[in-house]
Number of protein chains: 2
Amino acid sequence: MIDIAKSQRLILEATPVLGRESVPLIDALKRVLAQDIVVTEDIPAANISALDGYAVQQASLRGISKQDPARLKIIGESPAGKPCDAVVGVDEAVRIMTGGMMPEGADTVIKTENTMEDGGYMICHSAQKRGSGIRVRGESLKKGEIALYTGDIIRPLEIGALAKLRHAYVYVYRKPLVAILATGDELTDFHEPATPWKTMCSNLYALAAQVIDAGAIPLCLGIVQDNLKSQQEVLSEALRADVIITSGGSSKGKYDLVHKAFAALGMKTKFSSIFVKPGKPTIFGTIKNSMIFGLPGNSTAAMLSFEQFIRPALLKMMGHPNVSSASCGNDDMQYQSALFSQIDSFNYEQGGNKEHQMPSLVPLGRTLPGNGSHLIKQKQGAKTAPDLLKPIAGKTFGVKIAAH
Amino acid sequence: MIDIAKSQRLILEATPVLGRESVPLIDALKRVLAQDIVVTEDIPAANISALDGYAVQQASLRGISKQDPARLKIIGESPAGKPCDAVVGVDEAVRIMTGGMMPEGADTVIKTENTMEDGGYMICHSAQKRGSGIRVRGESLKKGEIALYTGDIIRPLEIGALAKLRHAYVYVYRKPLVAILATGDELTDFHEPATPWKTMCSNLYALAAQVIDAGAIPLCLGIVQDNLKSQQEVLSEALRADVIITSGGSSKGKYDLVHKAFAALGMKTKFSSIFVKPGKPTIFGTIKNSMIFGLPGNSTAAMLSFEQFIRPALLKMMGHPNVSSASCGNDDMQYQSALFSQIDSFNYEQGGNKEHQMPSLVPLGRTLPGNGSHLIKQKQGAKTAPDLLKPIAGKTFGVKIAAH
């Protein structure tokens with residue numbers, strides 16, 4: 001018996017960080033930077049004005065006062081976005097815009113609000129500190145500095161920073177391809193008619209959504225019948241994926257062939273059973289370069305196993321540096337599991353998922369609250385998320401390592 | 001002066017909830033349900049076994065014991081996914097799999113672990129409660145129940161639930177189209193050469209990323225020169241969008257034409273100035289059915305204004321029921337703004353963004369920590385996020401309503 005943190009570590013030890021790829025800047029959002037970003041040009045690239053006003057020599061303002069204001073000749077203009085060839089001498093001023101280049105000779109900018117114009121002259125009676133009103137070249141970033149680091153998560157902020165640094169494309173870690181298949185003769189899909197003895201393969205869609213939610217790419221291979229040959233065929237087809245997730249048939253029942261199918265493909269099993277309810281029958285191993293996760297068929301169990309074991313691995317593959325924290329970030333999940341157990345779960349009270357070592361961690365309330373509108377929740381008099389959460393809050397998990 | 005909550009309310013009052021559209025189930029992830037989901041068939045659709053074992057009449061087990069076990073004739077099998085035509089009488093049993101249909105006559109399932117097989121017979125010496133081991137028809141959901149509500153946010157859990165309920169397509173609220181343009185002769189884009197007097201239009205990319213991050217669709221219209229005619233042309237072209245965001249030229253400087261351009265298109269101005277630093281010059285109004293946001297050109301200011309004013313509006317448009325809380329969910333933003341201010345921001349110390357009523361809320365630290373790896377942060381000896389956050393933590397904001 002080891003706790004969930006240890007079992008996650010076991011998985012993460014077997015998890016590679018994938019290679020990098022170059023993507024258009026905007027597509028890098030929410031991905032992880034796979035290169036250090038070195039500043040190639042000072043920002044700003046020149047001394048520019050931080051405001052609308054007049055560029056002057058601070059010397060021209062010495063000893064001025066209300067009674068005896070400075071009267072400087074306006075010899076030109078430095079609008080934003082254009083070079084400025086004016087040269088400012090004593091008692092001269094250049095009209096300058098926010099972002100405009102400082103003209104030669106000028107060392108100070110006086111904001112418009114503190115001036116008046118009179119004919120071709122600028123009148124000013126309040127002195128200024130030398131250098132005020134100027135953004136100095138390289139003030140924000142100096143050439144050669146590292147602005148962003150490998151491993152940085154690219155949020156809108158970093159998108160802006162990368163654009164500012166003229167990175168139209170950036171290297172990020174590749175997204176894992178995650179094959180998903182569901183086993184079970186009782187399963188049916190949208191294209192098939194509904195019958196009382198079949199149940200929708202909802203895990204395929206829920207798991208695909210979890211894969212997308214984690215930032216990876218789902219490859220939905222659909223339903224595989226409980227028959228060794230077809231399972232082996234689909235699994236070997238699935239081996240081109242970085243990760244393979246199966247749902248159902250992972251326990252030891254008469255029709256549970258997934259173990260055999262995995263074995264036949266030469267899986268190195270890391271563990272084959274977890275003492276957690278729901279989700280005990282979870283298999284983890286590797287075949288060649290693919291990571292294999294055999295999840296239980298129970299919907300709640302499969303989704304929880306994904307969050308606990310697969311999401312952290314996917315995040316590591318995509319270069320996320322703080323996987324544990326990142327993977328715990330998904331608070332919704334507990335509430336989700338609570339709600340999902342109401343949509344479809346075996347009845348643990350009646351000993352459904354056999355051989356469980358622990359009481360159910362999933363509440364079995366009957367009411368279905370709207371997850372969005374509190375109004376609706378009140379109207380329905382349903383439990384609020386916190387209530388539904390309690391039973392699951394204090395998790396204790398364990399993993400049994402398969403002898404091998 | 002009103003606080004930020006009031007200014008957000010002002011915007012939200014003017015924000016419509018958009019219409020609904022039907023999308024493939026998996027594409028509904030992270031969107032908001034625009035229909036109540038009524039259960040059309042009981043789940044499970046029949047009485048089925050919750051475990052692998054034997055379906056029997058509980059009466060057959062009366063008074064059994066270790067010494068005097070029950071010996072029941074196995075008359076058939078009910079595997080998962082197939083109808084079962086066997087009829088179970090007294091002292092008879094049907095081998096049944098998890099999910100298998102309960103045969104007529106049987107009222108109890110005995111788990112395999114509590115039995116032995118002997119020839120064609122099943123031996124069992126532990127009694128069972130009547131009805132144990134069975135998932136009763138409609139136990140999870142009854143026909144006619146509402147499983148999910150309009151306004152529910154569709155997470156992987158709801159994807160699974162909707163699949164279980166056979167919704168291959170669902171109605172969700174439409175995503176707003178958000179036109180983004182940047183004004184300023186000092187701006188340059190990737191396809192143009194870098195010069196010392198130009199600066200990259202990074203706001204276009206940062207804002208597009210924020211729009212995507214909020215779940216909406218960006219329409220990047222690029223840079224517009226500081227010239228009334230071209231601004232009006234682009235703006236009127238942009239009016240087919242649900243939201244128009246401009247960056248730059250929203251203050252009252254000589255070259256700030258956005259006010260005029262908006263006015264010429266008949267904008268109903270709700271407010272034109274906010275007493276917050278950075279971000280004071282933020283314009284909000286409507287033209288026909290489009291919401292117009294004129295953001296300042298300063299990168300930090302523009303991104304913060306987006307988070308404070310535009311994100312909540314986009315969320316409401318997409319049907320999110322708890323916009324305020326949802327919009328405050330983005331904790332990263334403060335740290336982002338701190339980091340971004342280091343990438344490119346005017347120097348507030350030197351009175352950059354003129355006329356600000358409040359001291360800078362944005363720290364101007366020089367070091368750029370990696371946002372991901374703490375390791376890197378330590379190595380660089382950079383400030384950690386919390387440090388960078390402090391100056392921005394206790395926000396106070398206000399909005400000046402334009403007289404109209």
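In the text below, chain A, chain B and the rest are named by the order of the sequence lines, each starting its count at 1. Hydrogens, waters and symmetry mates play no part in the numbers below; they use all other heavy atoms, side chains included.
- At least one donor-acceptor pair closer than 3.5 Å links the side chain of K164(B) to the backbone N or O of M200(A).
- For Q128(A), no part lies near chain B; criterion is any non-hydrogen pair under 4.5 Å.
- For the options A168(B), A45(B), P83(B), heavy-atom pairs under 4.5 Å to chain A are most numerous at P83(B).
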Pair T195(B), M101(A) - check side-chain contact (heavy atoms from CB on, under 4.5 Å), show working. CA-CA 11 Å; T195(B) 60; M101(A) 286 185 86; over 6 Å; no
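- Neither the backbone nor the side chain of D42(A) has a heavy atom closer than 4.5 Å to any heavy atom of chain B.
- Counting heavy-atom pairs closer than 4.5 Å to chain B, the top-ranked of the candidates K198(A), K82(A), H167(A) is K82(A).
- For the side-chain hydrogen bond (donor to acceptor under 3.5 Å, both in side chains) test, no residue two or more places apart in sequence or in another chain qualifies with E41(B).
- Neither the backbone nor the side chain of T112(B) has a heavy atom closer than 4.5 Å to any heavy atom of chain A.
- Within 6.0 Å of CZ in F190(B) there are more than 12 heavy atoms belonging to other residues, nucleotides or ligands.
- Between atom CD1 of residue I159(A) and atom CE of residue M303(B) there is a gap of 9.0 Å, rounded to the nearest 0.5 Å.
- Contact of T188(A) with chain B is made through the side chain alone, with heavy-atom distances under 4.5 Å.
- A194(B) touches chain A through backbone and side chain together, each having a heavy atom under 4.5 Å away.
- Of the atoms belonging to Q225(B), not a single heavy atom falls under 4.5 Å from chain A.
- Chain A forms the most heavy-atom pairs under 4.5 Å with one residue out of P196(B), A46(B), C201(B), and that residue is P196(B).
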